[in-house]
There are 2 protein chains.
Amino acid sequence: MATQPAAQRRAEAKVMYDAFVATCPTRQVLAMIGDKWVGLTVAALSNGPMRHGQLRARIAGASQKMLTQTLRLMERDGLVTRTVTPTVPLRVDYELTALGRTLVPVLTAVKEWSETHIAEIMAARDAYEARTSS
Amino acid sequence: MATQPAAQRRAEAKVMYDAFVATCPTRQVLAMIGDKWVGLTVAALSNGPMRHGQLRARIAGASQKMLTQTLRLMERDGLVTRTVTPTVPLRVDYELTALGRTLVPVLTAVKEWSETHIAEIMAARDAYEARTSS
DNA sequence: CGGCATCCCATGCGATACTG
DNA sequence: CAGTATCGCATGGGATGCCG
């Protein structure tokens with residue numbers, strides 16, 4: 001079948017894109033903080049260490065699985081420390097690292113932009129709905 | 001079976017969470033800019049209007065479907081304008097709105113945080129790998 | 001050229017049940 | 001109490017082909 005130019009170009013582009021993503025810090029970080037639960041977790045921990053169960057209660061809506069998964073991810077990326085106290089029953093505390101705390105202002109900036117512009121966004125959505133459903 | 005406390009509490013918590021998310025500006029915005037392609041698209045358009053095809057080439061890795069979908073979403077949220085010139089062949093230009101441009105500094109802040117701390121993150125990942133695969 | 005509809009696979013994520 | 005494993009549905013997103 002010789003070559004399949006279109007498909008091949010696509011494949012190459014994808015590889016290049018993947019490589020790009022792999023080396024682009026911003027994309028990685030955006031994926032991280034854009035994660036469904038990371039933002040909330042950082043916010044919850046910004047007041048001090050919390051136990052797994054406390055976080056569960058604080059975040060309400062995250063399944064236990066998702067919370068664990070999110071915390072593991074954040075631990076891996078050096079945003080939180082995980083401290084196990086092997087008593088019975090077990091006790092596990094999570095705390096923001098120095099790196100994790102530097103993320104707080106960034107999330108605050110996003111938060112402020114959000115609160116400032118949410119009304120415009122909602123208005124745009126309403127206008128869009130009105131325009132398209134006519 | 002009277003009531004099913006656990007399941008019921010879960011259900012209620014979920015409803016409350018959904019309501020919370022629906023009204024929490026930050027979560028909505030985080031979901032928006034955390035979207036796989038929105039960040040790159042804003043970056044691409046920050047230099048001026050671009051045509052659909054140009055964006056395709058610029059972003060390389062986004063399928064046509066995803067690009068269109070992303071642009072629609074951004075149009076809906078009032079971040080970009082979509083201008084159709086009904087020539088043959090068709091020509092469509094996208095441009096950031098005033099609202100869209102206010103988002104640029106926020107993304108820039110994220111970008112700067114990323115570039116500053118990516119090394120730490122990578123180091124944390126390596127350390128984590130080394131620790132867990134031992 | 002740009003957009004939409006269809007098909008289809010990969011992944012995300014919740015529910016549940018079990019282990020330490 | 002914290003975590004893991006399994007299942008199953010819902011969604012994301014790519015490929016392709018047709019229409020304006």
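Naming: A, B, ... by sequence-line order, numbering from 1 per chain. Only this structure's heavy atoms are used, side chains among them; waters, hydrogens and symmetry mates stay out.
Distance from the side chain of A:K65 is smallest to C:dA15 among D:dA2, C:dT6, C:dA15. Here the side chain of B:M66 is nearest to one of D:dT4, D:dG13, D:dA2, namely D:dG13. Comparing C:dG14, C:dG2, C:dC4 by their nearest atom to the side chain of A:K36 picks out C:dG14. Side-chain proximity of A:Q69 to the nucleotides C:dG3, C:dC13, C:dT6 is greatest for C:dC13. Listed nucleotides: D:dG3, C:dG3, D:dG13. Nearest to the side chain of B:R72: C:dG3.
Nucleotide D:dC18 holds its P atom 20 Å from the CG atom of B:L90, rounded to whole Å. Following rounding to the nearest Å, B:L73 (CG) and C:dC4 (P) show an atom-to-atom distance of 14 Å. The distance from atom OH of A:Y94 to atom P of D:dC1 is 15 Å, rounded to the nearest whole Å. For B:L71 and D:dG13, the CG to C1' distance is 16 Å, given to the nearest whole Å. In this structure, B:L67 places its CG atom 10 Å from C1' of C:dG2, rounding to the nearest Å. In this structure, A:L55 places its CG atom 14 Å from P of D:dC1, rounding to the nearest Å.
Between the side chains of A:T68 and A:Q64, a donor-acceptor pair is found at a separation under 3.5 Å.
Under the 3.5 Å distance criterion, the side-chain polar atoms of B:T81 are left unmatched by any main-chain donor or acceptor of B:T97. Checking side-chain atoms of B:R82 against main-chain N and O of B:D93 turns up no donor-acceptor pair under 3.5 Å.
Applying the side-chain contact (heavy atoms from CB on, under 4.5 Å) test between A:V42 and each of A:V106, A:V80, A:I33, A:V104 identifies A:V104 as the sole match.
A:R56 has no side-chain polar atom (N or O) that falls below the 4.0 Å cut-off from OP1 or OP2 of D:dC1. OP1 or OP2 of D:dA2 sits under 4.0 Å from a side-chain N or O of A:R51.
A donor and an acceptor atom never sit less than 3.5 Å apart when one is taken from the side chain of B:Q64 and the other from the base of C:dG2.
Salt bridge absent: A:R125 and A:E129 never bring a charged side-chain N and a carboxylate O closer than 4.0 Å.
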